[in-house]
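Take a look at the structure set out below.
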Amino acid sequence: IELVALMDANRLIAILERERLPGLQQVELDPRLRRLVDVDVRIVMTWDTDQTDMDLWVIEPSGEKCFYGHRLTTMGGAISRDFTGGYGPEEYLVRRGRAGAYAVKANFYGSRSQSLTGPTTVQATVVTNFGRANERRQALTLRLTGNREVVDIGSVRFETPAAGGAPVTR
């Protein structure tokens, strides 16, 4: 959670600086932790049921799957540690991505929750050009029906920055 929040904090600091907005003086973040990590593709998945093990899977344009059992890919994709007992988040990112489609999947491994709220809802925030002026963001939401299922949340198509790098979801 700390690394995901740190990336978002540094993104906000970069926006304050780039747009010359007031409030930068109030930011209290250790200078050793201040560094914008801009990436081509970033996917953050969360869910709404406590004591639940949900796994983010990303299938890269090469066909390689990035998930808790294969955390670093040949093209540089990386996934955060497996969060097995709560709401997430789990994060995938690739600093310099390959053009093409990135399939976003969730493996609903299981839940120990005594929930009265019904099925689990999974949310994925997909960002291309994260931390850059041409950043694009898309929210994907899916209601799950049962444990031990792998579901397609959606996909993002990343194009070279010259083409805009805008996410396209299906």
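These numbers come from a predicted model, not from an experiment.
Rounding to the nearest 0.5 Å places CZ of R98 at 8.0 Å from CD of E60. A distance of 12.5 Å separates CZ in R157 from OG1 in T128, rounded to the nearest 0.5 Å. Atom CG of D8 is separated from atom CG of L3 by 11.5 Å, given to the nearest 0.5 angstrom.
Every residue meeting the side chain to side chain contact (heavy atoms under 4.5 Å, CB included) condition with E19, not counting sequence neighbours, appears here in chain and number order: I15, L21.
Annotation: side chain of L6 is not in contact with side chain of V37 (no heavy-atom distance under 4.5 Å).
For the residue pair E135 and V127, the shortest heavy atom distance occurs at CG-CG1, 3.5 Å.
A side-chain donor-acceptor contact under 3.5 Å links R71 to the backbone of I79. The closest donor-acceptor contact from the side chain of D40 to the backbone of V94 lies at 3.5 Å or more, if one exists at all. No side-chain donor-acceptor contact under 3.5 Å links N107 to the backbone of D55. The backbone N or O of L56 lies less than 3.5 Å from a partner atom in the side chain of E90, making a donor-acceptor pair.
Under a cut-off of 6.0 angstrom, the local environment of CZ in R96 is crowded, with over 12 non-hydrogen atoms contributed by other residues, nucleotides or ligands. The environment of CZ in R35 is sparse: at most 12 heavy-atom neighbours from other residues, nucleotides or ligands sit within 6.0 Å.
Hydrophobic clustering, with ILVMFWY side chains joined whenever heavy atoms are under 4.5 angstrom apart, groups L33 together with I13. Residues V151 and M45 share a hydrophobic cluster, clusters being chains of Ile/Leu/Val/Met/Phe/Trp/Tyr side chains in contact below 4.5 Å.
Ring geometry for F158 against Y102 counts as perpendicular: the plane angle is over 60°, on a 0 to 90° scale with 30° as the lower cut.
A cation-pi arrangement, defined by a distance under 6.0 Å to the six-membered ring centre and an angle within 45 degrees of its axis, is absent between K105 and W57.
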